Amino acid sequence: MKRFETKTVVITGGSRGIGAAIAKRFAREGANLVVSANEESVHTVADEIKADGGSAIAFVGDVTDKASVKALYDAAENAFGSVDVSIQNAGVITIARIEDMTEGEWDKVLAVNTKGVFLCAQEAILRMRKHGRGGRIINTASGQARDGFIFTPHYAASKMGVVGITQSLAKEVASENITVNAFCPGIIETDMWAYNDQAWGKLLGNYGPGELMKEWVEGIPMKRAGSGEDVAGLVTFLASDDATYITGQTINVDGGLIMS
Ligand SMILES: NC(=O)c1ccc[n+]([C@@H]2O[C@H](COP(=O)([O-])OP(=O)(O)OC[C@H]3O[C@@H](n4cnc5c(N)ncnc54)[C@H](O)[C@@H]3O)[C@@H](O)[C@H]2O)c1
């Protein structure tokens, strides 16, 4: 029997990058997937899972909108009967000097990265309470939840907020056999990192495409960027029966970049 057979996993930010890799890993291990994002290409990820013999539906929605979040969890219950694992992974970043950063950028990053985690976790916990078998809430933070980086005060605040949400909810639902944990990816090769490389590279000096990332990767003790699969290994562990006694924790998955 595969590890997650009979389990339903909801994931946000599943149309590409880290979220798509996590979704595909859970599907290979037998879970029913509800793959969600705010772009139509999320259907492609669900189709790829099904073509590979897995079980998945796609849902296009916005994690900052309460009605849309409720509809996501309704869709999960309608398709598969319950929600066992909820992975709050949708995220956005912008990079700007303090004098150029707009109030709109602040509001958007906090809305997606922090309020979005709260709204999805809230809805997931309500669904887990209905079936009474417990569950797993897993939130995507960042290395910036440990160590805020230059030109991204809103992103650092949003991801430190994710750690706060994780600890607070973990205490509230621990007695219901629902665990709440977070993970901090380091440098993972995705569309987001392609933007980071270009935008930080421009503000930090005259870096050509890929040059800043190369420099930063040289500073990682393991000397390589991470992949979605590296992250999926940790996330599936946190959702598995091997992690029943782990809650309220935030775990780095970064090749040793930050040791805490
Ligand atoms: N790539 C990295 O190196 C890295 C490092 C640390 C943390 N993270 C975090 O990991 C997560 C995934 O990052 P990624 O690199 O795969 O990013 P990505 O840009 O490749 O994908 C982002 C995903 O979030 C979705 N999304 C954005 N806004 C949304 C909204 N309002 N509603 C619903 N979905 C929305 C997008 O559709 C997409 O699926 C994010 O939370 C990010 O902050 C990434």
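Each residue takes its place number in the sequence, starting with 1. Counting convention: from 1, in listed order, for ligands and their atoms alike. Keep in mind the model is a prediction, meaning the values are calculated, not measured.
Of the protein's non-hydrogen atoms, Val63 N, 3.0 Å is the one closest to atom 32 (N) of ligand 1. Closest protein heavy atom to atom 15 (O) of ligand 1: Thr190 OG1, 2.5 Å. Regarding atom 2 (C) of ligand 1, its nearest protein heavy-atom neighbour is Trp193 CD1, 3.3 Å. Annotation: atom 26 (N) of ligand 1 to nearest protein heavy atom, Asn38 OD1, 3.4 Å. Closest protein heavy atom to atom 5 (C) of ligand 1: Gly186 O, 3.1 Å. In terms of protein heavy atoms, atom 44 (C) of ligand 1 is closest to Ile18 CD1, 3.6 Å. Ranking the protein heavy atoms by distance from atom 10 (O) of ligand 1 puts Thr140 CG2, 3.2 Å first. At the shortest separation from atom 18 (P) of ligand 1 among protein heavy atoms lies Arg16 NH1, 3.2 Å.
Looking at Gly14, Ser36, Gly13 and measuring to atom 25 (C) of ligand 1, the nearest heavy atom belongs to Gly13. Counting heavy atoms only, Asn89 comes closest to atom 40 (C) of ligand 1 of the residues Asn89, Asp65, Val35.
Under a hydrophobic clustering in which Ile, Leu, Val, Met, Phe, Trp and Tyr are joined whenever their side-chain heavy atoms come within less than 4.5 Å, directly or via other members, Phe118 and Val112 fall into different clusters. The cluster map of Ile, Leu, Val, Met, Phe, Trp and Tyr, joined by side-chain heavy atoms under 4.5 Å apart, puts Ile138 and Ile11 in the same cluster.
Annotation for ligand 1: atoms under 4.0 Å from non-hydrogen atoms of Ile188 are 1 (N), 2 (C), 3 (O). Taking every non-hydrogen atom of Ile187 and a distance limit under 4.0 Å, the qualifying atoms of ligand 1 come out as 3 (O). Annotation for ligand 1: atoms under 4.0 Å from non-hydrogen atoms of Gly17 are 16 (O). Every atom of ligand 1 with a heavy atom of Gly91 under 4.0 Å away is listed here by number and element: 22 (C), 24 (O), 27 (C), 40 (C), 41 (O). Short contacts between ligand 1 and Ser142, defined as distances under 4.0 Å to a heavy atom of the residue, involve ligand atoms 6 (C), 7 (C). Atoms of ligand 1 found under 4.0 Å from any heavy atom of Gly61 (numbered from 1 in listed order, with element): 32 (N), 33 (C). Each of the following atoms of ligand 1 lies closer than 4.0 Å to a heavy atom of Asp62: 30 (C), 31 (N), 32 (N).
Distances between N or O atoms of Thr64 and those of ligand 1 include no value under 3.5 Å. When only interatomic distances are considered, the shortest N/O to N/O separation between Val92 and ligand 1 does not fall below 3.5 Å. Of the polar atoms of Asn113, none of the N or O atoms is found under 3.5 Å from an N or O of ligand 1, judged by distance alone.
Counting heavy atoms closer than 4.0 Å to ligand 1, residue Ala141 contributes backbone atoms (N, CA, C, O) but none from C-beta onward.
Distances shorter than 4.0 angstrom do not occur between any heavy atom of Ala111 and any atom of ligand 1. Using a 4.0 Å heavy-atom cutoff, Tyr155 is listed among the residues neighbouring ligand 1. The closest approach between Lys159 and ligand 1 falls below 4.0 Å for a heavy atom of the residue.
Between Ile251 and Leu238, some side-chain heavy-atom pair lies under the 4.5 Å cut-off. The side-chain heavy atoms of Val10 and Ile87, taken from C-beta on, include no pair separated by under 4.5 Å. Gln167 is not listed as a side-chain neighbour of Val180, based on a closest heavy-atom distance of 4.5 Å or more. Counting only heavy atoms from C-beta outward, the side chains of Asp84 and His131 approach each other to under 4.5 Å.
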message: Walk me through whether Ser86 and Arg127 qualify under side-chain hydrogen bond (donor to acceptor under 3.5 Å, both in side chains).
response: CA-CA 10 Å; Ser86 184; Arg127 311 301 169 125; over 6 Å; no
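A side-chain donor-acceptor contact under 3.5 Å links Asn139 and Thr166. Using a 3.5 Å distance cut-off with no hydrogens or angles, the side chains of Asn177 and Arg133 do not pair a donor with an acceptor. Defined by atom type and a distance below 3.5 Å, a donor-acceptor pair is present between the side-chain atoms of Asn32 and Ser55. A donor atom on one side chain and an acceptor atom on the other are found under 3.5 Å apart for Glu215 and Tyr207.
The closest donor-acceptor contact from the side chain of Asn113 to the backbone of Lys159 lies at 3.5 Å or more, if one exists at all.
The two residues Ile137 and Ala121 come nearest to each other via the heavy atoms CG2-CB, 4.0 Å.
Aromatic rings from Tyr195 and Trp200 are positioned such that their centres are separated by 6.0 Å or more.
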